[in-house]
Asks: 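This is the structure, below, for whatever I ask next.
The figures here come from the full heavy-atom set of this structure, side chains too, leaving out hydrogens, waters and symmetry mates. Counting starts at 1 for both ligands and their atoms, following the listed order. Note that the coordinates shown come from a computational prediction; the quantities given were computed from them, not determined experimentally.
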Amino acid sequence: MEISLSDSGLLKYQAYIGGQWIDADSGDTFDVTNPATSQVIGSVARCGAGETRRAIDIAEGAQQTWCQITAKERGDMLREWFQQIMAHVEDLAQILTLEQGKPLAEAKGEIIYGASYAEWFAEEAKRIYGDVIAPPSNDKRVVCIKQPVGVVACITPWNFPNAMLTRKIAPALAAGCTVVCKPAEATPLSAFAVTELARRAGIPDGVINVLTGVTEEIGQELTSNSKVRKLSFTGSTAVGKRLMADCAGTMKRTSMELGGNAPFIVFDDADIEAAVQGAVLSKYRNAGQTCVCANRFLVQDSVYDDFVAGFKAAVAGLKVGDGFDESVTVGPLIHEAAAQGVRDLVQDAVSKGAKLLTDDSSIEGLTNTFVAPSILVNMDRSMRVYTEEIFGPVAPIYRFTDEQEAIAMANDTNYGLACYFYTRDVGRIWRVSEGLDYGILGINEGILSNPSAPFGGVKESGQGREGSKYGLDDYLEIKYLCMGGIDQ
Ligand code: SIN
């Protein structure tokens, strides 16, 4: 697939360190492929520990001046970044679809969503407040000020290659931090493109550094280097645990946005049509590859048949294919191994008695990275999909009898990121909301994310929040000033 960009300067293949686009020291590169066709799009710099160390040193130097300029000036530059992104939505979306696979309309949605973090934190930069606290005795005064944590390492995933980067960089910069970012190997081009726009927005050299390459080497340097004071990671729980353990050696702050096993509960008093619409959005967004995608549908006995019939009809209307085809609503998975993993989960469920309500006709003639939007019924808890994150377009539907059972099933997981439920009963909304062990609840809503809301999970889904005023706090340290000898 050839893309036609109105601004070809956005296509970058080198790392960005200290305001320069550079090759890896070794000159090595690695290939980036289009998941819809498996064709190579280009080769990007394969950096390692040396370049990472250099980027950290530069970020540390830049932070000394970045934190001294006023919050308004930082906010103005973030606002300019937002405007630059919005002026290039079409190009950025093409780059995103090319390397990630999601349908072009969804890619545009991601770019606008990503830009909204730059806009939100441009505004929030000026709203960093401290506290004056009642002292323990009259000769003292107690004051708290907030200061940037320092250099932040950002490790971002391939499922939202634009928005997950802006969701970390924007609050970090607003707080007065500088960043060294490592985007996922599968999707570096979106990261480079949005970085180029930050450069054009006037964000000074060294404030944002982005490098791609040998994951272990870069990760090892980012987690062990004592100049990095915080790590913000979005990705799997398994990798998040390893990174947290590695950060312990230098006691870095961490924000971890990890895996999920989102329940989608449909109660007997729900608006079934709305629940079906929400279910399709929540499940099939990005071909099921989001941490907040519905992973287990829990439907009350008396409305089970109606919901399943409506959902099956809606899923039949989805069109799978190359994201550049405007009629396509579900793209490929990121690579063949991911698609095979999802097929294995379906096979496991079927071998234990599940029934597939869908077939593979929607993916006939497509490559092995495509998985048909699927619905599984006759489910039980022994099947792997009950406990594991699917990360693909497969919807297992379970039954429940009453509210207590629904809450117990929903909480029966080590994860705690997003949960959805549909009901029109106000009392039930409060009871269920309070009983669910999750960081984010969608109540009669299938899409949750926006910059004004705190995104994040509990249990093994991570810690910290992104977006909102709470997301800014994650990049700030509290310093307590105890002033004594106050004359009475
Ligand atoms: C994610 O899947 O990690 C993020 C999803 C979102 O921001 O909605």
Asks: What residue pairs, at least two apart or across chains, pass ring-ring contact (aromatic ring centres under 6.0 Å, His included) with a residue in residues 153-177?
Replies: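 For residues 153-177, and leaving out neighbouring residues, the ring-ring contact (aromatic ring centres under 6.0 Å, His included) pairs sorted by first residue read Trp158-Phe391.
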Asks: Under a 4.0 Å heavy-atom cut-off, what residues line ligand 1?
Replies: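 Shell around ligand 1 (4.0 Å, heavy atoms): Tyr113, Asn159, Phe160, Met164, Arg167, Thr234, Glu257, Arg285, Thr290, Cys291, Ser449, Phe455.
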Asks: The test is ring pair (Phe, Tyr, Trp, His ring centres under 6.0 Å); show your working for Tyr386 and Tyr398 and say whether it passes.
Replies: CA-CA 9 Å; Tyr386 186 75; Tyr398 306 79; 5.3 Å; yes
Asks: Under the ring-ring contact (aromatic ring centres under 6.0 Å, His included) rule, what pairs show up with a residue in residues 440-460, not counting sequence neighbours?
Replies: none
Asks: Between Tyr438 and Phe421, does the ring centroid distance fall short of 6.0 Å?
Replies: no
Asks: One thing to verify: whether Arg253 and Glu477 come together as a salt bridge, which I'm taking to mean a side-chain N less than 4.0 angstrom from a carboxylate O.
Replies: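 Between Arg253 and Glu477 there is a salt bridge, with a charged N closer than 4.0 Å to a carboxylate O.
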Asks: With sequence neighbours left out, what residues match Glu273 under salt bridge (charged side-chain N to carboxylate O under 4.0 Å, His left out)?
Replies: none
